[in-house]
Amino acid sequence: MRKQEVRTGGEAGQGHGAGSPAEQVKALVDLLAGKGGQGSLAPQTPDRALDSPLGPHSNDLRIQKYREALLSTVRGGQELGSPSPRLTSLLLVEGLTDLQLKEHDFTQVEATRGGWCSTKTIALDRLFLPLSRVSIPPRISITIGVAGVGKTTLVRDFVCLWARGQVGKDFSLVLPLTFRDLNTHEKLSADRLVRSVFPHVGEAGLAAAALTRALLILDGLDECKTPLDFSNTVACTDPKKEIQVDHLITNIIRGNLFPEVSVWVTSRPSAAGQIPGGLVDRMTEIRGFNEEEIKVCLEQLFPEDQVLSGWVLSQVQADRALYLMCTIPAFCRLTGLALGHLCHNRPGPQDAELWPPRTLCELYSWYFRMALGGEGQEKGKASPRIEQLAHSGRKMVGTLGRLAFHGLVKKKYVFYEPDLKAFGVDLALLQSTLCSCFLQREETLASSAAYCFTHLSLQEFVAAAYYYSASKRAIFDLFTEGGVSWPRLGFLTHFRSTAQRAMQAEDGRLDVFLRFLSGLLSPRVNALLAGSLLAQGEHQGYRAQVAEVLQGCLRRDTAVCARAINVLHCLHELQHTELARGVEEAMESGGLARLTSPHHRTALAYLLQVSDTCAQEANLSLCLSQGVLQSLLPQLLYCRSLRLDTNQFQDSVMELLGSVLSGKDCRIQRISLAENQISNKGAKALARSLLVNRSLTTLDLRSNSIGPQGAKALADALKINRTLASLSLQSNMIKDDGARSIAEALAANRTLSVLHLQKNTIGPMGAQRMADALKQNRSLKELMFSSNSIGDGGAKALAEALKVNQSLESLDLQSNSISDTGVAALMGALCVNQTLLSLNLRENSISPEGAQDVAHALCTNSTLKNLDLTANLLHDEGAQAIAVAVRENRALTSLHLQWNFIQAGAAKALGQALQLNRSLTSLDLQENAIGDEGSSAVASALKANTALTALYLQVASIGAPGAQALGEALAVNRTLEILDCHYALGFLSFLTA
């Protein structure tokens with residue numbers, strides 16, 4: 001999108017006189033004031049209050065009348081309710097993605113699983129205001145959304161709120177137009193465009209004070225009958241010159257006409273791509289329903305029957321694919337109506353096995369049956385006979401179906417009476433209940449009616465039903481509409497042609513049509529529509545052959561494209577699911593590595609979209625080769641969590657993954673590449689992608705070989721990246737140089753919260769660098785530094801950092817050659833630090849002397865919750881000191897003292913501490929020879945303690961007396977949930993007895 005700059009007069013055109021920008025603005029002002037031509041019927045506003053002969057007070061009155069007329073027109077006199085929160089907070093997006101430009105609306109929802117990439121929002125009342133103090137208001141704004149998401153509703157809500165003075169207060173005038181209105185004109189001038197808004201207002205003109213800004217709304221660009229062509233449209237700067245409507249809109253957007261007027265366009269995403277990104281100042285997107293909004297929508301459909309709305313909701317939630325599509329409001333209402341009707345009219349025994357709907361075509365077949373059933377209920381009529389229903393259904397498909405099909409082929413979604421007559425649609429038929437369930441009528445400003453299908457998918461369903469019926473007797477290709485084609489005889493020949501067209505369509509506009517066409521051959525759909533649209537059992541002669549045709553469309557392409565995945569959707573509609581089911585079973589059993597054919601790859605890509613398991617995490621570990629991964633790349637974009645461990649991937653694969661992570665469409669939030677063969681080159685490829693990626697929050701590269709250079713590349717990326725929150729570089733040999741690079745990044749980064757650097761041969765020097773970074777960093781919460789060699793020097797440096805840092809919550813220093821000197825420094829820091837919650841000092845060299853420092857810190861610190869001292873050298877003396885501190889400590893919840901040469905004396909001290917302590921919930925004493933005496937002391941404490949929930953005493957030399965004491969304690973204690981005494985022979989004997 002373009003940078004917003006202050007316009008100069010010469011930017012909109014070089015002409016003078018009537019065509020100059022100043023003259024255009026004056027012409028618009030004159031027009032709105034009723035001074036131009038024959039006088040305007042639309043209520044409008046002039047430039048200054050001083051220009052009005054009626055004075056400012058009269059201006060205010062006329063503006064108010066204009067607002068009232070606008071409010072009445074848009075809302076039809078109904079009371080204005082509060083707009084949905086979904087429509088008052090729009091997503092700010094930075095242009096269109098490839099998915100939005102090239103794919104069908106349904107494919108967009110399926111691929112993204114109903115989610116939205118942007119997290120930035122803008123309130124409706126700030127939609128046309130600058131985003132910052134140094135920017136200017138947008139001139140060209142576009143709001144996109146898939147069909148049925150509520151674009152027109154948004155426009156109407158905005159216009160009503162503006163008319164009531166609640167939004168857009170900077171606009172002195174708002175002119176709402178739809179492309180359904182504009183389609184009624186062949187040619188139009190900018191002058192007539194403004195006049196056409198409200199011809200019914202009976203005033204010669206409307207003056208307003210201070211025409212500082214005006215807003216022109218163009219709703220529904222995707223319904224424009226002629227695509228906009230910005231490359232070949234001739235510039236026009238004369239507002240009175242009549243030109244083709246698409247040329248007029250193009251010149252207005254370019255700024256050749258009315259350069260000072262703000263323009264707001266709404267459109268489906270694919271059609272919005274007609275407008276060059278360089279002309280767009282702001283792009284927003286309407287998100288679909290979330291979980292709560294789906295529930296509210298269904299409740300509003302059945303406000304007096306909560307049981308019914310709850311049942312419908314449960315049916316929707318039971319089918320993940322259906323649930324995802326219900327994020328589209330129009331689809332959600334359609335689904336709710338169909339399911340609600342069927343609940344009221346429970347299927348009879350003959351239809352019981354057809355319920356609930358499992359595919360898209362089955363759902364729309366039930367909707368058709370609902371509409372067909374309503375045909376006999378209008379005006380109190382008795383239910384018609386089956387023959388009458390069948391006749392109504394066939395008549396509807398024969399008339400509206402042909403209209404729907406040819407509209408789909410020509411990308412035409414709005415129809416007018418000449419269109420209906422051209423395709424032989426009986427206007428009287430449009431009044432029937434059946435047609436009203438599919439087609440809706442809307443008046444235009446030209447006093448003519450516009451018709452469109454209730455939802456794009458309904459047009460596709462009716463078109464497929466027509467094509468299915470017509471292709472069985474058609475001699476020539478139905479897509480050519482009277483053109484010359486080779487003779488084609490038989491349904492299979494026509495179906496093969498349709499499948500080929502769908503595979504070749506770059507915009508996917510025939511994808512859902514092909515799904516419906518395939519679904520009409522499903523046994524369940526045939527049973528549902530037999531006698532109305534379909535002949536009983538006629539699918540049996542085609543189904544197997546159609547499945548072969550569809551599978552034959554799966555080619556050995558380098559990458560699995562959306563068209564190929566749609567073939568799997570078609571097979572699902574056909575109820576031919578063997579291919580997908582086989583791959584799914586292989587995924588679950590770990591046998592996916594054997595399935596490498598193009599069919600299997602496509603099925604895997606399909607499952608990445610629709611599988612419930614893959615929705616949480618796509619686990620493709622131990623099963624992918626580079627070739628298979630390369631074919632799946634376009635679909636990996638939309639996996640939220642991706643596990644690719646142990647696939648022997650090398651650097652060349654990282655180049656491929658880097659291209660995926662760099663894509664604007666990328667939705668991957670978590671990716672694990674552990675235990676592959678990635679070196680510094682592969683790390684550099686990933687680092688380059690992190691410079692532009694805005695979705696990835698977790699990157700796991702453990703057990704590779706990126707080395708210091710790979711760590712430096714990733715660190716440089718972290719200085720810029722603002723989304724990555726967790727990074728694991730465990731076992732990558734980054735050494736001190738790599739740690740230094742990471743430390744430099746931490747000093748600048750403000751989003752990374754988890755960093756794993758275990759087993760990287762980092763010494764005191766690297767620890768010092770990390771410590772220096774921690775003094776500045778305010779985001780890191782977890783640092784895993786175990787199995788390095790930082791020693792006491794590194795521990796001291798980190799201790800100094802802990803005195804300053806106020807964000808770190810977890811620090812792991814296991815197996816780092818830390819002795820009493822380093823522990824003393826760390827414990828001194830704990831006396832000051834108020835944020836650290838977990839400290840791991842396992843497998844170091846802490847003696848009884850160091851334990852004294854630990855005890856002192858525990859008496860002072862009030863925030864540490866987890867302390868792990870496993871495998872040190874505490875002995876009884878050190879453990880006793882810690883036990884005394886536990887008496888006083890009120891924060892610690894977990895204490896690990898495993899394998900510390902502790903005996904009965906320390907166990908007794910810990911038992912006494914447990915009788916007083918009320919915070920400790922987990923105590924680990926395993927592999928310490930506390931014996932019967934020590935276990936009896938602990939058991940005695942359990943009779944009084946009410947906080948401990950887990951006690952570990954494995955390999956603790958406990959005999960029968962100790963076991964008996966523990967058993968007696970368990971009879972009294974009501975809070976202990978885990979008592980682990982494995983390898984305690986006495987306890988086993990006690991349980992046996």
Side-chain angles (χ1 to χ4, degrees), residues 1-12 21-22 24-25 28-29 32 45 47-48 63 67 83 85-96 116-145 151 154-177 208-219 221 249 252-267 269 272 275-287 664 694 722:
M1 292 188 293
R2 67 178 179 186
K3 295 180 180 179
Q4 298 176 29
E5 299 177 351
V6 179
R7 286 180 170 271
T8 61
E11 290 180 25
Q24 292 176 36
V25 174
L28 175 62
V29 171
L32 302 181
T45 61
D47 190 15
R48 295 188 178 90
I63 291 174
R67 292 175 184 265
R86 184 178 64 87
L87 299 180
T88 57
S89 181
L90 304 179
L91 301 175
L92 267 175
V93 294
E94 297 184 357
L96 297 165
W116 298 272
C117 193
S118 174
T119 56
K120 296 180 180 179
T121 60
I122 185 169
L124 186 60
D125 59 358
R126 299 193 58 82
L127 186 57
F128 303 102
L129 297 179
L131 294 179
S132 66
R133 293 180 179 179
V134 296
S135 61
I136 64 174
R139 178 176 179 269
I140 304 298
S141 301
I142 299 180
T143 296
I144 60 172
K151 299 181 290 295
L154 169 67
V155 168
R156 289 174 177 172
D157 285 342
F158 178 87
V159 170
C160 288
L161 291 172
W162 176 82
R164 299 181 64 168
Q166 296 176 346
V167 299
K169 297 179 182 179
D170 288 347
F171 293 122
S172 57
L173 183 69
V174 170
L175 300 171
L177 281 166
L211 177 62
T212 54
R213 291 187 65 196
L215 174 65
L216 175 64
I217 302 176
L218 300 171
D219 182 30
L221 174 60
I249 300 303
I252 290 176
I253 292 175
R254 278 201 180 280
N256 296 328
L257 293 168
F258 300 154
E260 304 302 325
V261 173
S262 297
V263 181
W264 181 23
V265 181
T266 69
S267 175
I275 302 177
L279 297 177
V280 180
D281 299 313
R282 182 169 298 170
M283 183 172 287
T284 53
E285 183 175 4
I286 304 176
R287 67 170 178 82
K664 188 186 295 185
R694 297 188 179 183
R722 290 294 179 266

Find out whether [X] and [Y] are in side-chain contact, i.e. whether some heavy atom of one side chain is under 4.5 Å from a heavy atom of the other.
| X | Y | answer |
| --- | --- | --- |
| Ile136 | Asp281 | no |
| Leu96 | Met283 | yes |
| Leu216 | Phe258 | no |
| Trp264 | Leu127 | yes |
| Arg254 | Leu279 | yes |
| Leu131 | Leu92 | yes |

For [X] against [Y], the heavy-atom pair lying closest together:
| X | Y | result |
| --- | --- | --- |
| Leu221 | Ala272 | CD2-CA, 4.2 Å |
| Lys120 | Glu94 | NZ-OE2, 4.4 Å |
| Ile275 | Val280 | CG2-CG2, 3.8 Å |
| Pro138 | Phe128 | CD-O, 3.6 Å |
| Val93 | Glu285 | CG1-OE1, 3.7 Å |

What is the distance from atom [atom1] of [X] to atom [atom2] of [Y], rounded to the nearest 0.5 Å?
| X | Y | atom1 | atom2 | value |
| --- | --- | --- | --- | --- |
| Arg156 | Leu161 | CZ | CG | 14.0 Å |
| Ile144 | Thr284 | CD1 | OG1 | 8.0 Å |
| Leu154 | Leu124 | CG | CG | 6.0 Å |
| Ser89 | Ile286 | OG | CD1 | 11.5 Å |

*Please name the residue in the list Leu177, Leu175, Ile252, Ile142 that meets the side chain to side chain contact (heavy atoms under 4.5 Å, CB included) test with Leu218.*
Leu177

*For Arg164, does its backbone N or O pair with a side-chain atom of Arg67 as donor and acceptor, under 3.5 Å?*
no

_Arg282 side-chain N/O to Leu129 backbone N/O, donor-acceptor pair under 3.5 Å_ = yes

*Please check if the distance between the ring centroids of Phe171 and Phe158 is under 6.0 Å.*
no

*By side chain to side chain donor-acceptor pair (under 3.5 Å), which residues pair with Ser262, not counting sequence neighbours?*
Arg213

